[in-house]
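Here is the structure we will look at.
The chains referred to below are lettered A, B, ... by the order of the sequence lines, with proteins before strands, and numbering in each begins at 1. Computed from heavy atoms alone, side chains included, the values below leave out hydrogens, waters and symmetry copies. Just so you know, these numbers come straight off a predicted model, no measurement behind them.
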Amino acid sequence: MNLKLNVWRQKNRTDKGRMETYQANNVNPDMSFLEMLDVVNEDLIASGKDPIAFEHDCREGICGSCGFVVNGVAHGPEPETTMCQLHMRHFKDGDELFLEPWRAKAFPVIKDLIVDRSAFDRIIAAGGYVSANTGSAPDGNALQIPKENADRAMDAAACIGCGACVAACPNASAALFTGAKISHLGLLPQGQAERSRRALRMVAQFNEELFGSCTNIGECEAVCPKGISIEVIARMNRDYLAAALTDRGAKKSAGGEA
Amino acid sequence: MVLDSKIPSGPIEQAWDSAKFNMKLVNPANKRKYSVIVVGSGLAGGSAAASLGELGYNVKCFCFQDSPRRAHSIAAQGGINAAKNYQNDGDSIYRLFYDTVKGGDFRAREGNVYRLAQNSVHIIDQCVAQGVPFAREYSGLLANRSFGGAQVSRTFYAKGQTGQQLLLGAYQALEAQIDAGRVKMYPRTEMLDLVVVDGKARGIVTRDLVTGKLESHAADAVILATGGYGNVYYLSTNAKGSNCTAIWRAHKRGALFGNPCFTQIHPTCIPVSGDYQSKLTLMSESLRNDGRIWVPKQVGDKRNPSAIPENERDYYLERRYPSFGNLVPRDVASRAAKAVCDEGRGVGETGLGVYLDFGASIQRLGKSTIEERYGNLFDMYARITGENPYETPMRIYPAIHYTMGGLWVDYELQSTIPGLFVAGEANFSDHGANRLGASALMQGLSDGYFILPYTIGNYLASTKPGAVTTDHPAFSQVTKEVADMQNRLLSIKGKRTVTSFHRELGKIIWDYCGMSRQGDSLKVAIQKVRALREEFWRDVNVPGSGDDLNQQLEVATRVADFFELGELMCIDALDRNESCGGHFREEYQTEEGEAMRNDEEYSYVAAWEYGGYNGQPKLYKEPLNFNYVHPSQRSYK
């Protein structure tokens with residue numbers, strides 16, 4: 001099949017950027033979307049042009065590196081599928097596609113389809129962990145954790161940090177991402193000691209990074225390649241509210257207003 | 001050079017405890033005066049950086065990805081072994097040790113493997129404490145499953161995403177240390193060389209992948225935890241960015257390379273579908289529990305599988321290995337698949353594939369049972385191939401998955417360059433000639449959480465902190481060499497793309513130094529690799545410049561190193577005149593076509609010293625002694 005690609009090209013952070021049009025010919029339906037771009041890039045290099053920069057690594061949908069917007073939808077048209085796992089058989093001959101990077105103030109474009117998602121790391125650093133220094137752990141079976149809780153914690157922990165939720169949200173909110181980590185750890189007994197501090201500090205960092213607020217639109221859940229439910233946002237709000245009401249002292253030491 | 005493995009003497013059960021007791025300590029108040037560089041943020045690097053930060057050292061951690069959470073450890077599916085014996089089924093530290101030494105086909109160090117088995121139990125405790133959501137029983141206690149090469153149930157798992165969850169545990173501990181100011185993280189930064197001053201590792205030179213800037217970083221010790229080199233084959237189950245550059249540059253600076261030809265081929269991967277293919281996807285080996293592997297009896301039979309009657313199918317594993325059947329170990333299953341495809345009986349468009357058929361199991365157990373057991377894997381297969389594996393058999397083919405070889409290290413994980421430590425898949429240490437399933441995660445975390453925090457202290461205790469800074473002329477000299485190589489790559493502007501060279505190199509290594517190897521053809525391979533390497537340096541086209549984000553330049557640099565490593569792999573494979581584990585030399589097989597070890601002559605670790613661009617590397621041998629597990633021939637008939 002042959003496709004027309006309109007791709008966002010931006011040389012660096014300060015460049016204004018623009019759409020450019022390329023032709024992808026003889027696309028094999030068994031190719032992944034990124035393999036299709038590989039072939040386009042080989043042709044661009046051969047004709048002396050700068051290849052399209054896009055982020056990718058594992059190409060099996062788990063590292064969270066890849067992701068861009070295809071015709072207005074983060075990670076393209078297939079549900080629960082990252083770009084690297086999206087195959088060309090879902091497109092048809094003559095399709096015209098528009099590829100754009102994640103758009104959010106907190107995710108500045110670095111080049112073409114690559115954005116800076118380091119804000120996510122800073123949100124985790126603010127409290128997305130259980131402080132258990134190496135060597136201090138009791139026996140693994142000393143704690144019994146109801147299977148339902150372990151399974152629900154796992155569902156939230158499946159987040160790959162790709163940023164599609166932010167890209168899809170009209171407010172560019174990171175609520176699904178932040179809520180997923182708060183839920184994962186909050187559902188487990190190991191996470192209780194730092195639960196209030198975690199909610200306060202992570203939400204404070206979230207705001208500092210210029211992500212927008214959540215207004216329960218649900219676009220994030222719709223595009224999440226791991227099917228994470230917006231229930232995690234409700235958990236985040238509950239933990240945050242409880243912490244803000246009851247842990248006034250902790251809030252101060254935890255680093256600020258939210 | 002005499003290779004001193006530093007294995008403590010005395011009973012193996014007490015060796016690690018006594019080694020720890022004999023190690024020198026750094027006073028808590030002095031730890032912050034020492035700086036340690038950690039390259040790589042996967043299970044080994046992430047856990048080491050976090051643990052060293054917790055101890056109070058000044059840590060700098062580097063990764064080429066945009067975040068430390070994306071290291072390729074994240075893609076491990078199946079699980080992690082630990083000798084907890086929670087199932088009361090006879091497991092013990094000794095049994096895990098025994099299984100791993102035997103699984104490695106008697107080419108690993110007993111002392112290292114015993115310590116690995118000891119540490120396995122602490123790893124599970126540590127990960128649970130961090131909040132890793134391991135699978136649980138209804139009782140709320142930890143669940144286990146079985147894995148290849150063992151008769152006990154000792155594998156802990158988090159759905160099919162065990163690597164992801166363990167890595168996120170280490171990543172979160174790392175982020176906590178970053179927040180505390182004890183670790184400084186350098187994402188999108190690639191190590192391009194090691195700086196050695198007066199024989200000791202003193203720092204690294206890196207490239208900022210966004211700005212292209214070359215930078216110097218000095219430290220009192222350097223840890224490389226940069227993963228394996230499976231991408232030398234171009235097509236592998238590794239992430240696209242996985243590369244050998246950090247360990248190869250350290251090798252060129254004097255670190256010996258251990259057992260480079262020991263690579264693991266996983267039997268159940270989705271076959272190559274076309275020339276554009278960029279990577280291969282693994283399907284968990286647990287599928288072999290209920291799937292039957294077959295090919296048509298007739299050469300060139302291109303009928304639809306459902307049109308091939310039962311008596312015209314060859315269930316070749318069940319035929320050749322009646323007692324183990326479809327559950328023979330990875331190396332045996334892989335070679336058998338290659339053999340039937342070489343005969344022209346392979347299936348699919350390319351003829352490089354065999355069927356993994358669930359038809360009989362679905363009939364016997366019902367579709368819902370199969371769906372419950374393997375639903376997510378079937379979905380993944382359907383997503384990639386567009387075929388429904390409930391109706392038509394899966395097609396699978398072996399693919400490169402893991403490299404047992406790596407930089408040579410002693411018991412303290414120190415390379416032959418003092419102050420340079422190597423952890424995880426990047427070192428050669430614990431898996432011998434074949435790694436058992438669910439033990440890579442175990443080794444990465446054992447190295448990072450429980451070994452390096454001790455051995456790094458032991459090294460630093462007799463080192464003056466901050467003795468060398470980036471003002472030392474060695475840093476500017478190394479930076480210049482890195483810049484020269486980069487400029488040379490950028491100035492060729494030839495006719496062929498980097499990928500076309502990488503693909504061709506990968507095919508040579510796969511054809512000659514893959515699932516089976518043969519003396520004369522390895523000699524051919526060495527010539528082919530050298531010739532292609534010459535062409536690469538004459539005709540590669542690396543577009544753009546070095547002073548901004550240039551993904552082609554990143555790949556070109558890595559491929560240049562793969563050329564040299566690929567040649568060393570062939571040299572090592574040619575030198576080892578025996579078959580063992582993943583290394584199968586066609587000349588050395590039993591009458592039934594099984595691997596034939598030669599313990600008299602080859603019971604050693606082959607550690608190679610760099611021999612120059614066109615030179616001959618020099619071989620050093622570390623003899624292996626087996627005092628506990630006595631070498632025997634494996635049989636699966």
Could you tell me which portion of [X] (side chain, backbone, both or neither) has an atom closer than 4.5 angstrom to a non-hydrogen atom of chain B?
| X | result |
| --- | --- |
| A:R59 | both |
| A:V115 | backbone |
| A:D50 | neither |
| A:H90 | neither |
| A:S65 | both |
| A:E148 | side chain |
| A:L188 | side chain |
| A:A158 | both |
| A:I123 | neither |
| A:I45 | both |

Closer than 4.0 angstrom, basic N to acidic O: yes or no for B:K159 and A:D155?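 Judged by the 4.0 Å cut-off on N to carboxylate O distance, B:K159 and A:D155 do form a salt bridge.
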
Salt-bridge criterion met for A:D139 and B:K84 (N-O under 4.0 Å):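 Salt bridge: yes.
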
[X] side, atom [atom1]; [Y] side, atom [atom2] - distance, nearest 0.5 Å:
| X | Y | atom1 | atom2 | value |
| --- | --- | --- | --- | --- |
| B:R383 | A:H87 | CZ | NE2 | 10.0 Å |
| B:T211 | A:R13 | OG1 | CZ | 11.0 Å |
| A:Q144 | B:L142 | CD | CG | 10.0 Å |
| A:M31 | B:D275 | CE | CG | 9.0 Å |
| A:D43 | B:T497 | CG | OG1 | 10.0 Å |
| B:D125 | A:T134 | CG | OG1 | 12.0 Å |

Which atoms of [X] come close to chain A, meaning under 4.5 Å heavy atom to heavy atom: side chain ones, backbone ones, both, or neither?
| X | answer |
| --- | --- |
| B:Q77 | side chain |
| B:S47 | neither |
| B:Q126 | both |
| B:F156 | neither |
| B:L280 | backbone |
| B:I384 | both |
| B:S278 | both |

Verdict with reasoning, A:N149 to B:R136, per side-chain contact (heavy atoms from CB on, under 4.5 Å): CA-CA 10 Å; A:N149 285 19; B:R136 298 200 171 246; over 6 Å; no

Looking at chain A, which one of [options] has the largest number of heavy-atom pairs inside 4.5 Å, strictly under?
| options | result |
| --- | --- |
| B:G386, B:P543, B:S273 | B:G386 |
| B:G241, B:A75, B:S500, B:A176 | B:A176 |
| B:R188, B:Q552, B:Q130, B:M185 | B:R188 |
| B:A129, B:G544, B:P453 | B:A129 |
| B:E54, B:K495, B:R70, B:K240 | B:R70 |

If we only count heavy atoms from C-beta on, is the [X] to [Y] side-chain gap below 4.5 Å?
| X | Y | answer |
| --- | --- | --- |
| A:R117 | B:S67 | no |
| B:L174 | A:Y129 | no |
| A:K181 | B:Q172 | yes |
| B:D66 | A:F120 | no |
| B:D548 | A:K11 | yes |

Quick check: closest heavy atoms across [X] and [Y], and the distance to 0.1 Å?
| X | Y | answer |
| --- | --- | --- |
| B:Q551 | A:I52 | OE1-O, 4.2 Å |
| A:A53 | B:L549 | CB-CD2, 4.4 Å |
| A:C159 | B:L168 | O-CD1, 4.2 Å |
| A:D57 | B:S242 | OD1-N, 4.4 Å |
| A:M154 | B:A158 | SD-CB, 4.0 Å |
| B:R69 | A:I160 | NH2-C, 3.4 Å |

Heavy-atom count around B:K20 NZ within 6.0 Å, excluding the residue itself: above 12?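 Yes, enclosed.
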
Is the count of non-hydrogen atoms from other residues, nucleotides or ligands lying under 6.0 Å from B:E349 atom CD greater than 12?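 It does not: B:E349 CD has 12 such atoms or fewer within range.
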
Would you tell me whether A:D30 and B:Y276 have side-chain atoms, one donor and one acceptor, within less than 3.5 Å of each other?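 The answer is no; no qualifying pair exists.
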
Side chains of A:E60 and B:T281: any donor to acceptor distance under 3.5 Å?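 No, no side-chain donor-acceptor pair sits under 3.5 Å.
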
Can you tell which of [options] has the highest number of heavy-atom pairs within less than 4.5 Å of chain B?
| options | result |
| --- | --- |
| A:P138, A:A153, A:P146, A:P51 | A:P138 |
| A:A132, A:C84, A:A142 | A:A132 |
| A:L187, A:I114, A:D38 | A:I114 |
| A:I124, A:V130, A:N141, A:I62 | A:N141 |
| A:P29, A:C58, A:S32 | A:C58 |

